[in-house]
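Below is one structure; the comments refer to it alone.
Along the sequence shown, residues are numbered consecutively beginning with 1.
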Amino acid sequence: MTVTGASPRLPPGSTLPRAALGVVVLTSRRRALQSLTRRYGSAFTVNLPMFGRCVFVSDPALVRQLFLTSNEIVGNIDPNLGRILGPGSLFNLEGAEHHRTRRLLVPPFHGKRMSTYEQIVEEETLREARSWPERQPFAMLPSTMRITLNAILRAVFGAEGAEFEQLRVLLPRFVELGSRLAVMPVLSRDLGTRSPGGRFMAYRAQFDEVIDTLVARALADPGLAERDDVLALMLQSRYDDGERIGNRDLADQLLTLLAAGHETTATTLAWTVERLRRHPALLERLVAEAEDGGSELRAATILEVQRSRSVIDLVGRHVHAESLELGEWRIPRGYNVMVAIGLVHENESVFPNASAFDPDRFLNVSPDYYAWVPFGGGTRRCIGAAFANMEMNVVLRTLLREFTLVPTNERDERWHSRGVAFAPARGGRTVLARRR
């Protein structure tokens with residue numbers, strides 16, 4: 001709600017200079033936010049480079065209130081990933097434009113098509129698994145990156161070909177560079193092909209060229225109406241006025257699906273392997289369940305990995321109205337309100353013994369979507385959430401069926417920032433043996 005003419009009432013916060021605080025947050029974001037929470041509580045105010053004046057919250061009650069606030073009062077966080085993924089990306093759109101574009105993108109990731117995608121994920125997992133060494137340590141993250149990238153490419157475009165090979169090479173480079181540029185206060189300018197900005201722009205130009213080729217081929221396909229890949233469905237979908245999405249906006253949306261989707265899912269899978277090797281009793285239960293054809297504990301395990309090892313740590317809204325009433329606080333226009341996802345997931349009032357890895361807390365229990373928020377929430381919740389959870393379930397099921405994960409007593413892998421996402425520092429190092 002808004003209160004016209006009312007004075008701001010902000011949470012307490014750090015008095016460090018903006019530049020100094022920015023350096024601390026940029027170099028050690030998780031520890032900085034944990035430290036600020038310990039000092040100021042579940043809501044605090046900071047002034048950051050790039051994001052400006054922000055209120056951070058980690059109380060699920062405030063998260064719920066924020067996610068349920070109307071779009072007239074709060075909108076998309078500013079700046080956002082649209083600066084990396086393009087102005088037509090769902091990350092960048094606001095209001096009615098966001099709503100109508102979201103309506104085009106949701107159908108391909110729900111319903112009967114999910115069973116087709118499930119088969120693709122299993123095939124890609126088995127293909128990648130052929131390269132895994134037996135009883136020798138290796139990092140799982142590069143493999144899960146390839147599995148999720150190949151799976152989303154096939155789901156989006158439906159078939160393989162020369163353009164697939166181009167995207168398989170191009171997208172990992174684009175994602176790695178874009179993820180780092182996304183957290184920099186100023187997106188690097190194009191200072192030539194060797195500069196970060198120059199390489200980024202070159203990658204984007206290559207991507208657009210490939211998409212133009214694939215769109216032209218799809219539109220010329222007499223069997224387009226029978227295809228169930230995402231590109232075909234989007235080309236056949238229409239806005240309320242009868243128009244189809246334009247090529248540049250389509251390219252932005254496809255880049256969003258390909259880049260944002262595959263990295264976060266792959267990283268969560270690497271964390272899953274890292275967690276299971278350190279919890280042998282749970283691993284035995286999961287293997288027994290998989291052999292019996294069950295899935296409840298596996299689904300709960302994935303939920304707990306997403307809670308305890310949040311790959312994305314921030315989601316937020318920008319205050320457009322004169323002010324936003326949020327709990328006891330009154331936040332003025334122009335502020336960003338940031339949900340600290342990792343801190344929400346550490347809330348002891350919602351998740352007792354939160355530091356423990358305990359999938360049983362989700363066994364046959366649906367998560368509270370204002371306390372468990374790895375996909376954000378409200379009208380801007382990730383449209384690929386169902387696809388991502390299906391993908392992780394299929395990869396883990398296949399892994400448990402085909403291999404024995406060798407437990408370890410090594411220390412937990414530390415958190416490593418890849419820019420936007422947090423990954424296990426050693427890539428989810430694993431040792432496995434094929435099941436006979």
Side-chain angles (χ1 to χ4, degrees), residues 85-86 88-91 100-128 144-172 174-175 204 206-239 243-266 382-395 398:
L85 299 171
S89 166
L90 205 59
F91 280 107
R100 77 172 192 146
T101 303
R102 188 180 177 91
R103 287 178 60 190
L104 289 184
L105 295 174
V106 168
F109 293 101
H110 291 80
K112 63 180 181 180
R113 297 182 185 90
M114 294 293 281
S115 60
T116 302
Y117 300 150
E118 184 173 329
Q119 181 179 347
I120 289 173
V121 174
E122 181 165 348
E123 289 172 359
E124 290 300 332
T125 305
L126 291 173
R127 176 158 66 174
E128 177 66 24
T144 56
M145 285 285 192
R146 286 188 289 270
I147 292 169
T148 57
L149 177 58
N150 290 342
I152 194 66
L153 281 171
R154 289 179 61 187
V156 167
F157 299 116
E160 300 190 50
E163 289 77 20
F164 267 64
E165 295 306 319
Q166 288 180 264
L167 291 174
R168 281 194 181 107
V169 174
L170 174 63
L171 279 168
F174 184 96
V175 169
R204 180 59 204 251
Q206 293 174 48
F207 177 81
D208 288 345
E209 184 177 345
V210 172
I211 295 303
D212 284 342
T213 300
L214 291 169
V215 168
R217 184 179 301 159
L219 290 173
D221 183 358
L224 181 65
E226 284 72 51
R227 287 170 47 175
D228 59 3
D229 55 276
V230 174
L231 175 60
L233 294 169
M234 289 179 67
L235 288 174
Q236 295 172 79
S237 297
R238 294 294 182 268
Y239 293 121
E243 292 185 7
R244 79 163 177 88
I245 188 170
N247 276 20
R248 287 288 67 79
D249 288 345
L250 177 63
D252 288 350
Q253 297 303 349
L254 293 176
L255 182 59
T256 300
L257 295 175
L258 295 169
H262 102 85
E263 182 186 25
T264 53
T265 304
C382 174
I383 62 168
F387 183 92
N389 279 333
M390 174 278 295
E391 195 170 15
M392 289 184 279
N393 196 305
V394 172
V395 173
T398 307

Legend entry - side chain to side chain contact (heavy atoms under 4.5 Å, CB included) between Met234 and Arg244, intermediate numbers included: CA-CA 8 Å; Met234 289 179 67; Arg244 79 163 177 88; over 6 Å; no
Legend entry - Chi angles and distances behind the side chain to side chain contact (heavy atoms under 4.5 Å, CB included) call for Glu165, Arg168: CA-CA 5 Å; Glu165 295 306 319; Arg168 281 194 181 107; 2.5 Å; yes
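The backbone N or O of Leu85 lies less than 3.5 Å from no partner atom in the side chain of Ser89, so there is not a single donor-acceptor pair. The backbone N or O of Val394 sits nowhere less than 3.5 Å from a side-chain atom of Glu118 that would complete a donor-acceptor pair. Looking only at distances, no side-chain donor or acceptor of Glu122 sits under 3.5 Å from a matching main-chain atom of Val395.
Counting only heavy atoms from C-beta outward, the side chains of Phe174 and Phe207 never approach each other to under 4.5 Å. Between Asn150 and Arg127, the closest side-chain pair of non-hydrogen atoms falls below 4.5 Å. Residues Glu163 and Phe157 form no side-chain contact, since every pair of their non-hydrogen atoms from C-beta on lies 4.5 Å or further apart. When side chains are defined from C-beta on, Leu254 does not count as touching Leu214, because their heavy atoms never get closer than 4.5 Å. Within the 4.5 Å cutoff, side-chain heavy atoms of Tyr117 are placed close to those of Val230.
The shortest non-hydrogen separation linking Gln236 to Arg227 is NE2-O, 4.3 Å. Contact between Leu167 and Pro172 at its shortest, heavy atoms only, is O-CD, 3.9 Å. Pairing each heavy atom of Ala232 with each of Leu224, the nearest pair is CB-CD1, 3.5 Å. Taking all atoms of both residues into account, the shortest heavy-atom contact from Ala386 to Met114 is O-CE, 3.5 Å. Scanning both residues, Leu90 and Arg102, for their nearest heavy atoms gives CD1-N, 3.9 Å. Contact between Gly86 and Asp252 at its shortest, heavy atoms only, is C-OD2, 3.5 Å.
None of Leu250, Ile211, Leu171 except one satisfies the side chain to side chain contact (heavy atoms under 4.5 Å, CB included) rule with Leu255; the exception is Leu171.
In this structure, the separation between CG on Asn389 and CD on Glu391 is 10.0 Å, given to the nearest 0.5 Å. The OG atom of Ser115 sits 9.5 Å away from the CE atom of Met390 when rounded to the nearest 0.5 Å. Asp228 contributes atom CG, which lies 10.5 Å from atom CD of Glu226 (distance to the nearest 0.5 angstrom). Distance check, rounded to the nearest 0.5 Å: CG of Leu258 to CD of Glu263 gives 13.0 Å. To the nearest 0.5 angstrom, Leu149 atom CG is 4.5 Å from His262 atom NE2.
For Asp208 and Arg204, the salt-bridge test passes: some basic side-chain N is under 4.0 Å from an acidic carboxylate O. Note on Asp212 versus Arg248: salt bridge recorded, some NZ/NE/NH1/NH2 to OD/OE distance being below 4.0 Å. Salt-bridge formation is not detected for the pair Glu124/Arg146: no Lys NZ or Arg NE/NH1/NH2 atom is positioned less than 4.0 Å from an Asp or Glu carboxylate oxygen.
Under the 3.5 Å distance criterion, with hydrogens and angles disregarded, no donor-acceptor pair is assigned to the side chains of Thr148 and Thr265.
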